[in-house]
Amino acid sequence: MRLLPARTSRPRAMVFFGLLPMAGRAFRLFPLAPRAATPSPPPRVRHFFSAAPPDARAHSSLADLPDFRGPSRLLKEAHKQSLLVTPNPKVPNAKKRALRFAAQVVDAYAQGLSVPLREQLKVFQAVLRDLPPFEAALAELTLASLEREKGGKPLRAVVAEFDQLRRTVVRVGKERSLLASKAATIAEAHTLANEGRTSVADAFEEGSGALLTLIQTSQTLRKLPRPSSHEPVLVLVGMPNVGKSSIVTATSTGTPEINDYPFTTRRLKMGHVETADGGRYQVMDTPGVLSRPEEDRNPMEGLTLAAVKFLPSAVVFVMDLSGTCGSQSAPELQLAVRDQIRATFPDRPWLDVRSKADLPLADGVAESQIPAGTLSVSVHEGTNVQVLKERMAQLIADRYGVQKAPDW
């Protein structure tokens, strides 16, 4: 039988979308009222795929998400697989041998597409199911934000379309294989084998948009910046424009990394600090948390709260009480947000820092309002920067007991 060359794929235009149905969901920080103790539900990324309790599985990472093969590559591989099929010489009847061969060619071609689709989806689901809590929250925030901005489909719908693509390939392959097995002549069997491969390829290309979307989604999630799971983490928290980024730069050993997230235009810094005793930890800048109702919180604030809640972190709460960082970060609002977050996470190792200490306190702010133990720091003048480094190292020691974090 002469098999026709495989056609090149004609991928449809890719439209990016967010995956999780989270638009409008508030990232809750403070409880509205006391409640009876109940287990906290897992993040939606984990919940959507979960098949076993989170603590019963080893954690995966966003870096483990599969590198999906694209439509063109899959079509070429399916064509090669179909060429490996040979007529069975043990079938003595030439016509039966040709009909069986034709059917097997179509089967091999369809399986060359459907099997990789099935296996890649299994890996994708398994990785999302087993993400550690912070990475699950990071993925959820990212995909929800992209969904809102791009008007894309939720994950459940896209996975269903992807699986429907696989099922369609299987169905068309079986139908065309059966048709080839019932050919009236050897010549017709040859023709039906080639036409069967074409029909399977057409069905695959028709639904390949779901594959293209998962490819882009997987690539986006793999590239999300995240702290190393092998080093302690110190999270800087505060309202906008209070000097967190400057503190990361001033305390880091070397130049901090610049991290970009799809749900914020602000570029966040991740610093690394090497201590005198050979230890090493990470200093994580976070988006500002505003003083406003929970239902109005955005994904940027969600990232900050997820870092405090899910990472095994110590917290440095940064306040600029000079009154120079705008009305949305007025000193009284900063003190209120500080008290709320501290009450929510009372067991976190905690250090209060007053930044821009070279500037006087704003009118109406009394020394008695500043939390006890607050360290006054001026990055501009270098005041207490070294003391801050020492206090930060002590926080890490208090949090972990040693200068090495356990794997999350």
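We count residues from 1, following the sequence as given.
- Residues R222 and S218 have side chains that bring a donor and an acceptor to within less than 3.5 angstrom of each other.
- To the nearest 0.5 angstrom, L211 atom CG is 12.0 Å from E161 atom CD.
- In the model, D358 has a side-chain atom that pairs as donor or acceptor with a side-chain atom of S378 under 3.5 Å.
- With hydrogens and angles ignored, the 3.5 Å screen pairs a side-chain donor or acceptor of E301 with a backbone N or O of N298.
- Classified by interplanar angle (parallel below 30°, tilted 30° to 60°, perpendicular above 60°), the ring pair F162/F68 is perpendicular.
- A side-chain donor-acceptor contact under 3.5 Å links Q282 to the backbone of S228.
- Seen from the ring of Y109, R197 counts as a face-on cation partner, given the 6.0 Å and 45° thresholds.
- Between the CZ atom in R348 and the NZ atom in K309 there is a gap of 11.0 Å [rounded to 0.5 Å].
- The shortest side-chain heavy-atom distance between W350 and D352 falls under the 4.5 Å cut-off.
- We find that D163 and R166 are joined by a salt bridge, their nearest charged nitrogen and carboxylate oxygen being less than 4.0 Å apart.
- Side-chain contact annotation: R280 with T275, donor-acceptor N/O pair under 3.5 Å absent.
- Between T304 and P287, the shortest heavy-atom contact is OG1-O, 2.6 Å.
- The distance from the OG atom of S61 to the CG atom of L224 is 10.0 Å, given to the nearest 0.5 Å.
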* What do the steps show when you test N259 against K269 for side-chain contact (heavy atoms from CB on, under 4.5 Å), and what is the final call? -> CA-CA 6 Å; N259 292 334; K269 293 182 178 179; over 6 Å; no
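- For the pair V289 and R297, the minimum side-chain heavy-atom distance is below 4.5 Å.
- Side-chain atoms of L375 and R354, non-hydrogen and from C-beta on, never get closer than 4.5 Å to each other.
- Here the rule is side chain to side chain contact (heavy atoms under 4.5 Å, CB included) with P227, and of V235, V283, L311 only L311 fits it.
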* Any chance you could lay out the side-chain contact (heavy atoms from CB on, under 4.5 Å) test for V353 and T374, step after step, and finish with the verdict? => CA-CA 5 Å; V353 169; T374 296; 5.7 Å; no
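- In this structure the side chain of P225 never reaches within 4.5 angstrom of the side chain of E257, judged on heavy atoms.
- Panel note: side chain Q120, backbone R69; a donor-acceptor pair is recorded below 3.5 Å.
- A 4.5 Å side-chain heavy-atom check between L138 and T142 finds at least one atom pair inside the cut-off.
- To the nearest 0.5 Å, the span separating CD on Q81 from CG on D107 amounts to 10.5 Å.
- The pair E195-R176 meets the salt-bridge criterion, since a charged nitrogen lies less than 4.0 angstrom from a carboxylate oxygen.
- When all heavy atoms of G70 and I215 are compared, the pair lying nearest together is CA-CD1, 3.8 Å.
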* To do: Take L178 and S181 through the test side-chain contact (heavy atoms from CB on, under 4.5 Å) and record every step on the way to the result.
  => CA-CA 5 Å; L178 179 62; S181 70; 3.9 Å; yes
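- No donor-acceptor pair under 3.5 Å is formed between the side chain of Q111 and the backbone N or O of A108.
- When every heavy atom of D285 is checked against every heavy atom of K244, the shortest pair comes out as OD1-CB, 3.5 Å.
- Taking all atoms of both residues into account, the shortest heavy-atom contact from V106 to G196 is CG2-CA, 4.2 Å.
- At least one donor-acceptor pair under 3.5 Å links the side chain of Q334 to the backbone N or O of D320.
- Between the side chain of T383 and the backbone N or O of V379 there is no donor-acceptor pair closer than 3.5 Å.
- Residue-environment remark: CZ (R97) exceeds the threshold of 12 foreign heavy atoms within 6.0 Å.
- When side chains are defined from C-beta on, M284 does not count as touching L234, because their heavy atoms never get closer than 4.5 Å.
- Of the possible donor and acceptor atoms, one in the side chain of T168 sits under 3.5 Å from a partner among the backbone N and O of Q164.
- One finds the CG atom of L117 at 10.0 Å from the CG atom of L214 (value rounded to the nearest 0.5 Å).
- Side-chain atoms of N241 and S329 include no donor-acceptor pair closer than 3.5 Å.
- Looking at L75 and H79, their side chains never come closer than 4.5 Å, going by heavy atoms from C-beta outward.
- By the 4.5 Å heavy-atom criterion applied to side chains, E119 and V115 are counted as neighbours.
- H272 contributes atom NE2, which lies 10.0 Å from atom CD of E274 (distance to the nearest 0.5 angstrom).
- A donor-acceptor contact shorter than 3.5 Å is absent between the side chain of R338 and the backbone of G238.
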* **Test log, rule side-chain contact (heavy atoms from CB on, under 4.5 Å), inputs Q125 and L121** => CA-CA 6 Å; Q125 292 175 323; L121 181 59; 4.0 Å; yes
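- In this structure, K174 places its NZ atom where only 12 or fewer heavy-atom neighbours from other residues, nucleotides or ligands lie under 6.0 Å away.
- Residue A314 comes nearest to L395 through the heavy atom pair CB-CB, 4.1 Å, listed as atom of the first residue, atom of the second, then distance.
- For the side chain to side chain contact (heavy atoms under 4.5 Å, CB included) with L236, the qualifying choice from V316, L351, V315 is V316, the only one to do so.
- Looking only at distances, a side-chain donor or acceptor of S60 sits under 3.5 Å from a matching main-chain atom of V127.
- A donor-acceptor distance shorter than 3.5 angstrom exists from the side chain of S355 to the backbone of V242, with no hydrogens or angles considered.
- Across every non-hydrogen atom of I396 and P232, the tightest pair is CG2-CB, 3.6 Å.
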